[in-house]
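Letters go in sequence order (proteins before strands), and every chain restarts at 1. Remember, it's a predicted structure, so these values are computed and weren't measured experimentally.
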Number of protein chains: 2
Amino acid sequence: MSAEIICVGTELLLGDILNGNAQYLARELADLGIPHYYQTVVGDNPARIQRAIDIAIERGAQILIFTGGLGPTPDDLTIATIADHFNAPLHERPDIIADIEAKYRQRDRVMNPSNRKQALIPAGADVLPNPVGTAPGILWQPIDNLSILTFPGVPAEMRAMWTQTGVPYLKSLGWGDQVLVSEMLKFWGISESVLAERVGDLFNSENPTVAPYANYGEVKLRVAARATSEAEGRALIDPIAAQLKQLGYPHYYGSDDTTLAAVVGQALRDRGQTLAVAESCTGGGLGHLLTEVPGSSAYFWGGIVSYDNTVKINVLGVDRDDLMTQGAVSEVVARQMAAGVRDRLGTDWGLSITGIAGPGGGTEDKPVGLVYLGLASPDGTTTSQELRLGDTRGREWVRRVSAYSAIDLLRQTLA
Amino acid sequence: MSAEIICVGTELLLGDILNGNAQYLARELADLGIPHYYQTVVGDNPARIQRAIDIAIERGAQILIFTGGLGPTPDDLTIATIADHFNAPLHERPDIIADIEAKYRQRDRVMNPSNRKQALIPAGADVLPNPVGTAPGILWQPIDNLSILTFPGVPAEMRAMWTQTGVPYLKSLGWGDQVLVSEMLKFWGISESVLAERVGDLFNSENPTVAPYANYGEVKLRVAARATSEAEGRALIDPIAAQLKQLGYPHYYGSDDTTLAAVVGQALRDRGQTLAVAESCTGGGLGHLLTEVPGSSAYFWGGIVSYDNTVKINVLGVDRDDLMTQGAVSEVVARQMAAGVRDRLGTDWGLSITGIAGPGGGTEDKPVGLVYLGLASPDGTTTSQELRLGDTRGREWVRRVSAYSAIDLLRQTLA
């Protein structure tokens, strides 16, 4: 009892395009609660498409979802190949011809003869209408316990057809009566392996399941439950999610679409406070992240990018002697940068980053990846935090993790 | 004689992540001239991974490239499953343990016990070193005419391992004896359809081929030739590339890994000049892009993020009356921001951005997507440029295109 996705297109095998259709359909199947264990990508080649169909059926698939190969050019062979596989003749459907002709007329053009092949449908199959483009798909049960749906490769067409016809069709067959309810918990400042140890046996939980994801220093845990209703799913998820949030304390910061910048923004709004940033190694990346949040102008007043030491001294007011004796990448300079930007811009909070992003500029004492964060508080006191991010993951990794870590420092302080 | 890509990860089947690794590897295989007819995605499930291996071998694959499932958590099973498939015992490799411990030490941390499983390698396999993260892969010929390479799912790690070890290994086995020589020409400030009209019949060229790509306002043309040597390939490419660069004038700015920021950086270095930026709607994104270039501190001195109007007036010296009568998003304010940051930071050039990124904040007169760029030159004069980017593609698109356009304004001025 499962579905397989078969994406047809030599351009996928050449790496010319990213397979966003597979991700979209995978998420949709998960949301419908339809199990899905394999995806296949195959070129515009009838023999190989036939083989992919054989394999999917052998693996027990009861739904085959095809994308790609429905266009008017000679290399678009998906439907003809499927018809051939089940020995069904192709019939030209006059209603499809009329629909394509109407779409061309709408654009003041005449149907191209090559479009005629898009009207060929296997005997016994239904048309899966395309409200966006010219290429329709098919809905077909060629044998017992097997449903086939075909979609064009163009994402906007595929999505419209999936939503308008594909999903209702699958539901009419009795699929998708279960829902998958999930929550993605997000953590900052804890490694995947440390979090995994804290989580321990919960990874073996079956409904809900708990699965880890890590990317760019962020760790996530996805809690997902199958249920017959959203409410039942939430009831399964909530106690586990609550437990995981506690286990990840104080690193859990939000779920699903929440970002660190949005959490900090809400905390500042709640307090009616304002923020300014002083950045060296991130070059503006911290301000950029904070202003990804729409409406951030309510609490984020701006910043000073002090890449050159003269800017640290003249604009931020960092002490020249401290800069010379301690170096630009030091705790004292991070604190003075934070205090300086808070003072200069007149905000409640000042947040700073100074560090060595690499690849050059490191010394034995101060290696690439050494970063100091500084925070100046409304009462005028300053604190700092040292990060040692290493030199193996590259300049952009150091810059990105530094910026997120700075936001997290403020988040934990505000919490 | 072909390769197959097998991507392992339940997160792919749930649609949680986009399979960029498959696209990257597909393009690399195409560049090496290694045939590749199928890709499979399978979950973190030993029985299903076993079956995917069986199928790939039955289909005649001689190279199996795995991504994903090399991490420290219990659901990371790729290498253990492959070893099991070929009845090879796993051995703990002390050199891997030492490498992981060293990486942890560099970050002032201690290796987690869960990382030990990443040191388990099938008897007879070689280690595929990971210069970036902790998870190594394997290189293995478990039976005649079959090579297995495994990579982590983290893209930066996979790519570094592929380039440094995977490609040389495949070449040492005699694969990739034809070369695909290519040049990716990059353009800014011209639409794909306008450039396509200029290119015309060159799109029908067969060796080299010319193919267009568009993303985030940038348009690229890939010129690629198959040949028996790099030199022969270059000789095929060069005349076509030269023609395309002329057709795209003045929008062509560089090829392959060149970025707009690097081109501007080199031009500033050549002149011995310095740059500062003043940003409103991009919030630091312009400085962040400029400092993606290693060594940018030689010419980039810093910037002022003037999100709030008080910062525009008090720190940048924008005229309060002009700000009130013309508005923060206006030509005059853009020019004054550029002049102000040039003056305040003491650089040769000042570059500014002020605009409405949305989703809120637009009016009939000044809609979302209206952006002004300002440029202050070494002689003290200022110029400006208006962009109308619309509201359909979202806040991040407006911010990103604004930042690139500002850099391109300076590039064309310096050229």
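Across all non-hydrogen atoms, the minimal contact from A:Arg222 to B:Leu14 is NH1-CD1, 3.1 Å. B:Thr291 and A:Gly283 get closest at one heavy-atom pair: OG1-CA, 3.5 Å. Closest approach of A:Arg344 to B:Asn314, counting heavy atoms only: NH2-O, 4.1 Å. Of all heavy-atom pairs between B:Leu13 and A:Tyr38, the closest is CD2-N, 4.1 Å.
Looking at B:Ile17, the atoms closer than 4.5 Å to chain A (heavy atoms on both sides) all sit in the backbone: N, CA, C or O. At a 4.5 Å heavy-atom cutoff, the contact between B:Ser296 and chain A is made by backbone and side-chain atoms alike. Residue contact with chain A, scored on non-hydrogen atoms closer than 4.5 Å, is absent for B:Val110. With a threshold of 4.5 angstrom between heavy atoms, A:Thr282 approaches chain B through N, CA, C or O but not through any side-chain atom. Residue A:Asp16 touches chain B through both its backbone and its side chain, counting heavy-atom pairs closer than 4.5 Å. Heavy-atom distances place no part of B:Tyr299 under 4.5 Å from chain A, backbone and side chain included. With a 4.5 angstrom heavy-atom cutoff, A:Leu370 does not touch chain B via any of its atoms. For A:Ala196, the part lying near chain B is the side chain, with the backbone staying farther off; criterion is any non-hydrogen pair under 4.5 Å. Neither the backbone nor the side chain of B:Leu25 has a heavy atom closer than 4.5 Å to any heavy atom of chain A. Within the 4.5 angstrom heavy-atom criterion, atoms from both the backbone and the side chain of B:Pro113 approach chain A. The part of B:Asn19 that comes within reach of chain A is its backbone (N, CA, C, O), which places non-hydrogen atoms under 4.5 angstrom from that chain. Residue contact with chain B, scored on non-hydrogen atoms closer than 4.5 Å, involves the side chain of A:Ile55 exclusively. If you measure heavy-atom distances from A:Val194 to chain B, the contacts under 4.5 Å come from both the backbone and the side chain. Interface remark: A:Arg393 contributes backbone and side-chain atoms alike to the contact with chain B (heavy atom separation under 4.5 Å). For chain A, the nearby part of B:Val311 is the side chain; its heavy atoms alone come within less than 4.5 Å. Interface remark: B:Arg48 contributes backbone and side-chain atoms alike to the contact with chain A (heavy atom separation under 4.5 Å). When heavy atoms are compared at a cutoff of 4.5 Å, A:Glu292 approaches chain B by way of both its backbone and its side chain. Only the backbone of A:Leu12 comes within contact range of chain B, with at least one heavy atom under 4.5 Å from a heavy atom of that chain. Of the two parts of B:Pro72, only the side chain, counted from C-beta on, holds a non-hydrogen atom closer than 4.5 Å to a non-hydrogen atom of chain A. With a 4.5 angstrom heavy-atom cutoff, A:Ser306 touches chain B only via backbone atoms. Of the atoms belonging to A:Phe300, heavy atoms from both backbone and side chain fall under 4.5 Å from chain B. Contacts of A:Val8 with chain B are absent, with no heavy-atom separation under 4.5 Å from either backbone or side chain. With a threshold of 4.5 angstrom between heavy atoms, A:Thr274 does not approach chain B through any atom at all.
Judged purely by distance below 3.5 Å, without hydrogens or angles, the side chains of B:Thr10 and A:Tyr37 never pair a donor atom with an acceptor atom. Checked by atom type, the side-chain pair A:Asp391/B:Gln106 shows a donor-acceptor distance below 3.5 Å.
By the salt bridge (charged side-chain N to carboxylate O under 4.0 Å, His left out) test, B:Glu4 is found to be paired with B:Arg59, residues two or more places apart in sequence or in another chain being considered.
Of the listed residues (B:Ala30, B:Gly303, B:Gly302), the one with the most heavy-atom contacts under 4.5 Å to chain A is B:Gly303. Comparing B:Ser297, B:Gly43, B:Gly133, B:Gly153 by how many heavy-atom pairs each has under 4.5 Å with chain A, the most go to B:Ser297. The residue among B:Arg399, B:Glu11, B:Glu279, B:His36 with the most heavy atom pairs within less than 4.5 Å of chain A is B:Arg399.
Ring orientation note: the planes of A:His288 and B:His288 are close to parallel, at an angle under 30° on the 30°/60° scale.
Residues B:Thr134 and A:Ser193 form no side-chain contact, since every pair of their non-hydrogen atoms from C-beta on lies 4.5 Å or further apart. For the pair B:Leu345/A:Val315, a side-chain contact is recorded, criterion being any heavy-atom separation below 4.5 Å from C-beta on.
The backbone N or O of B:Gly15 lies less than 3.5 Å from a partner atom in the side chain of A:Gln23, making a donor-acceptor pair.
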